[in-house]
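Have a look at the structure below before the remarks.
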Number of protein chains: 2
Amino acid sequence: MSTHADLLETLRGIVGAANVLTEGDLSAWEMDWRKRERGKALAVVRPGNTDEVAQVVKACAAAKVSMVPQGGNTGMVVGSTPDATGEQVVLSLTRMNKIRTMDGGNLTVTVEAGCILQTLQEACEEAGYLFPLSLAAEGSCTIGGNLGTNAGGTQVVRFGNTRELCLGLEVVTAQGEVWNGLTGLRKDNTGYDLRHLFIGSEGTLGVITAAVMKLYPLPAAQLTALCAVPSLDAAVELLGLAHKTLSSGLTGFEVMGQFALSLVVKHFPQQRVPFHETSPYCVVLEHSDNVSESRAREQLERLLEAALEQGCATDAVVAENITQARALWHIRESIPLAQAQEGLNIKHDISIAVSRIPAFVQETDAALAQAFPGARLVNYGHLGDGNLHYNVQAPADTDAEAFLRDQEKPINALVYAAVDRYNGSISAEHGIGSLKRDKLAEHKSPVALALMRDIKKALDPHNLMNPGRVVNL
Amino acid sequence: MSTHADLLETLRGIVGAANVLTEGDLSAWEMDWRKRERGKALAVVRPGNTDEVAQVVKACAAAKVSMVPQGGNTGMVVGSTPDATGEQVVLSLTRMNKIRTMDGGNLTVTVEAGCILQTLQEACEEAGYLFPLSLAAEGSCTIGGNLGTNAGGTQVVRFGNTRELCLGLEVVTAQGEVWNGLTGLRKDNTGYDLRHLFIGSEGTLGVITAAVMKLYPLPAAQLTALCAVPSLDAAVELLGLAHKTLSSGLTGFEVMGQFALSLVVKHFPQQRVPFHETSPYCVVLEHSDNVSESRAREQLERLLEAALEQGCATDAVVAENITQARALWHIRESIPLAQAQEGLNIKHDISIAVSRIPAFVQETDAALAQAFPGARLVNYGHLGDGNLHYNVQAPADTDAEAFLRDQEKPINALVYAAVDRYNGSISAEHGIGSLKRDKLAEHKSPVALALMRDIKKALDPHNLMNPGRVVNL
């Protein structure tokens, strides 16, 4: 144990004693967001700048102590909390929260990993720019965590995932070296793309300490519509029509199944949820325009008229103002909360080629209904990106805990086998962490897994960066 | 030599004798596009499908013979031709040229590596979709080569580089295993992003055999304008205004210096080149709209009026029809040809943060004029992406060959030192190949280079995939 004591002393020397937490309630760092696992850290270390991160990594590496990089700790797959050994250092980046520079002429912002996503969004908007990444945890997640997990959210249909918004990184490697890739270049073909290797690697290859992110001009108008659609086939047809009619003005396209909406109505009766009684699916559709609200409205109405005429929408409402638009989005955002109110449930975060989603859902709905009578399907998500949160709620009036205990594994197996048949992904936007690590080994190509292991061993040969996450060595 | 003979026999068995070329004029495969280097291949092997590629790679690996993957062989940096030893196999992908599937509902096309870019563009357009990658060599380059080098071109300001257009790859690894990543998913967070690692790796980590590429709706209208701008500062100001006014409708933004234009006028006198006598720079600007030509024209005119009023443009013409639009683009496309007509010259393919380009050019122009009196600067390129082809033509009426022999190195050194000071890239879109490999070692961060070497050694431990390109081991 004297090694650990020595290391703690060294760490205190680097970041200051106040930033090496070992006592008191550390659950904010040790417990994962969904409260599935509680770990125990040797210490929570909170460096204040990149040089301190590098020194901390070097010190931990010298002591052969593994590190768990952590941002807002809002991940969904148990990827940023320590294991139960009490021998891992949590490397919390939240003190590194500065927006370093904003470059309007280059349409970029350079930001430290610990900056809260919403803080970044607001600073950009204040400067007259849009930073489009938007997701449920934006009030607490950090941009470093978004990058580490390649977070998705609700604007992906137009702006891509976090990876597509990043032009460069600053990374502390597993050896404690600093790679400064903060050039802000839109084109740079000088060798392997290290940026994309670190993005989405969940802290297993190094620590992202800062990034250059893309900015966009603020839209002049943003309109939201809710459409009743008679089927998922119709929803996909509506999506194609929206791409064609709105082009890059299509900035959001979310689908919600009837049962998902009924849970919102049940648990949040103050919310007005149009069409939920009559329509098997509804779509929240957002249209942004860089010129004017009238131009945006004209184009959106053109889309909805065509959709009603073609029959891929049976009804639609367009928000008349921001309050109404927020209310429509709020329905969508309330689904996970309504699910939680309803009780324990099994979550999936899957993606399939958009065109194949209707067949996938029809087939898998039927298979689940047959194998697990009474199980209730809460199907919703980012249809524009082919990403469904295809969740399963225990049968009504049963012991949900017992249902999950007995049926979570076989239900996962059924759903993921269907995902495999459809050439899809078992983790579209949440990542792997430790929750899905073993599942990954079952569902990913052995060739891809071997490549991943080779990369991990090459960049982190002593397996000290977030070990046990993403790859099985 | 019996090993080589055995290998050739094995290769004939895999791809058929007609597809193992060892005799006759192989210069199309052995000489690089810019005719800078002529190599000698052990054989040019032309597999017809992915399985044959895998078998060829396995056979070469077993014989410890290195491979040079090649597409249309139109690269600019000597990256796809064999060395002079006569011991490398050129792995030509051009027989694998099928468009496998087009999925309108998913907005994707799955295409084999050897498909000519223009063939792909045309097939997509015929099916009602836009595949936006567009560059000078599109009539002969292949999509596999575009991916291997992460090609840029003229639509990057809107659609990104080749990398941003790719959703998945099929790759034969250095071990001859097939990784099938052709899922066509827009979101997939199941581990390290292998796709982006292979894209831009110039065949040094494996062989890209097929890819899923993004499609977009065809625009309803595309308008081209030529603007006279009083300075590069003004050009950057115009770019910002164009981003704001046109948003994603800005699909092209190219800058051309006065001397570059004068070469076009001199060597192609039949071309009409507005403003070249009076304006230090001109900009070709393209605006696409998904609704109508009248809407596009209204918005473009709004932009140009504002630019004239602000003074960031001093004059402008808008093409009235496709013929006129092509003529304006043709001016831009003629610059490299006019340069070649004018004589030998030194090419640079650099990128800098857009906002810093005016200062970079002012400083570097002055330094070059002082150090190399009479040297003529042919400055043009993709300003929308911060990418300049900042070329240097020998002084008029001098021996250009002698100038290049004596001055190419010191001129490169001056320009690249300035690029370093401005945190830029010495290869924005052309890649490294062998031409810039040693330069890379001088200008890239040692930490990044070490990471690249670690990755190369991990994925290609026997250094058989395009050895000597990109990374110095």
Side-chain angles (χ1 to χ4, degrees), chain A residues 103 105-107 149-150 152 156 161 173 177-180 183-194 196-197 200-201 217 236 240 243-244 247-248 290-291 299 351 353-355 385-387 423-432 440 444-445 447-448 451-452 454-455 457-459 470, chain B residues 103 105-107 149-150 152 156 161 173 177-180 183-194 196-197 200-201 217 236 240 243-244 247-248 290-291 299 351 353-355 385-387 423-432 440 444-445 447-448 451-452 454-455 457-459 470:
Chain A
D103 182 346
N106 198 43
L107 286 174
T149 59
N150 186 32
V156 175
N161 302 284
T173 68
E177 304 291 334
V178 179
W179 168 50
N180 182 332
T183 54
L185 302 176
R186 271 155 216 282
K187 285 168 115 171
D188 181 15
N189 280 348
T190 56
Y192 308 150
D193 199 310
L194 303 172
H196 282 305
L197 190 57
S201 68
V236 170
H243 275 303
K244 210 173 157 176
S247 184
S248 56
N290 61 305
V291 176
Q299 206 52 24
S351 59
V354 172
S355 51
D385 327 315
N387 177 197
N423 219 3
S425 167
I426 65 163
S427 187
E429 60 174 5
H430 292 165
I432 298 300
L440 190 65
K444 191 143 177 142
S445 123
V447 179
L451 289 165
M452 283 169 52
D454 287 343
I455 293 165
K457 286 179 195 160
L459 300 196
V470 186
Chain B
D103 182 346
N106 198 42
L107 284 175
T149 59
N150 186 30
V156 176
N161 302 286
T173 69
E177 304 290 333
V178 180
W179 169 50
N180 183 333
T183 54
L185 302 176
R186 287 179 146 70
K187 288 167 113 171
D188 180 16
N189 280 348
T190 54
Y192 307 151
D193 199 310
L194 303 173
H196 282 306
L197 190 57
S201 68
V236 169
H243 276 303
K244 210 173 155 175
S247 184
S248 56
N290 60 307
V291 176
Q299 206 52 23
S351 60
V354 173
S355 52
D385 327 314
N387 176 195
N423 219 4
S425 167
I426 65 163
S427 187
E429 59 174 6
H430 293 166
I432 299 301
L440 190 66
K444 188 138 181 148
S445 124
V447 179
L451 289 166
M452 283 169 52
D454 288 344
I455 293 165
K457 286 179 196 158
L459 300 197
V470 186

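Since this is a predicted model, take the numbers as computed values, not measurements. Letters A, B, ... are given to chains in the order of the sequence lines, protein chains preceding strands, and every chain is numbered from 1.
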query = Of all residues at least two apart in sequence or in a different chain, which pass the side-chain hydrogen bond (donor to acceptor under 3.5 Å, both in side chains) check with A:Lys187?
reply = B:Asp385, B:Asn387, B:Glu429

task = Report yes if the side chains of A:Asp193 and B:Asn150 come closer than 4.5 Å at any heavy-atom pair, otherwise no.
result = no

query = If every non-hydrogen atom of B:Gly424 is compared with every non-hydrogen atom of A:Leu185, which pair is closest and at what distance?
reply = C-CD1, 3.8 Å

note = Counting heavy-atom pairs under 4.5 Å with chain A, the top scorer among B:Leu440, B:Asn423, B:Asn180, B:Thr149 is B:Asn423

request  = Would you please name every residue forming a side-chain contact (heavy atoms from CB on, under 4.5 Å) with B:Ser247, sequence neighbours left out?
outcome  = A:Asn290

note = Given B:Met452, B:Lys444, B:His430, the one with more heavy-atom pairs under 4.5 angstrom with chain A than any other is B:Met452

Interface residue of largest heavy-atom contact number with chain B, from A:Ser355, A:Ala428, A:Gly431, under 4.5 Å = A:Ala428

inquiry  = Counting heavy-atom pairs under 4.5 Å with chain A, which one of B:Ala448, B:Gly184, B:Gly200 comes out on top?
reply    = B:Ala448

query = Between B:Asp454, B:Thr190, B:Val447, which residue shows the highest count of heavy-atom pairs closer than 4.5 Å to chain A?
reply = B:Thr190

inquiry  = Show, in sequence, the C-alpha distance, side-chain angles and deciding distance for B:Asp103 and A:Val354, and conclude whether the side-chain contact (heavy atoms from CB on, under 4.5 Å) test is met.
reply    = CA-CA 9 Å; B:Asp103 182 346; A:Val354 172; over 6 Å; no

inquiry  = What part of B:Asn161 gets within 4.5 angstrom of chain A, counting heavy atoms only: side chain, backbone, both, or neither?
reply    = side chain

task = Name the region of B:Val156, side chain, backbone, both or neither, that has any atom closer than 4.5 Å to a heavy atom of chain A.
result = side chain

key: Interchain contact, B:Asp188 with chain A, by part (heavy-atom threshold 4.5 Å)   = both

Heavy-atom proximity to chain A below 4.5 Å, by part of B:Ser445 = side chain

ask   = Side chain, backbone, both or neither: which part of B:Thr173 has a non-hydrogen atom closer than 4.5 Å to chain A?
value = side chain

A:Ile426, part contacting chain B, at a heavy-atom distance under 4.5 Å = both

message = Using a 4.5 angstrom heavy-atom cutoff, name the option from A:Ser248, A:Ser425, A:Ala458 with the most pairs to chain B.
response = A:Ser425

key: Stepwise side-chain contact (heavy atoms from CB on, under 4.5 Å) check, B:Leu197 with A:Leu451   = CA-CA 11 Å; B:Leu197 190 57; A:Leu451 289 165; over 6 Å; no

key: From CA spacing to verdict: side-chain contact (heavy atoms from CB on, under 4.5 Å), A:Val470, B:Tyr192   = CA-CA 8 Å; A:Val470 186; B:Tyr192 307 151; 4.2 Å; yes

request  = Identify which of A:Gln299, A:Glu177, A:Lys244 forms the greatest number of heavy-atom pairs closer than 4.5 Å to chain B.
outcome  = A:Gln299

message = Less than 4.5 Å to any heavy atom of chain A: does that hold for the side chain of B:Ile432, its backbone, both, or neither?
response = both

ask   = So what's closer than 4.5 Å to chain A heavy atoms on B:Leu459: side chain, backbone, both or neither?
value = side chain

ask   = Between A:Ser427, A:Pro217, A:Gly105, which shows the greatest number of heavy-atom pairs under 4.5 Å with chain B?
value = A:Ser427

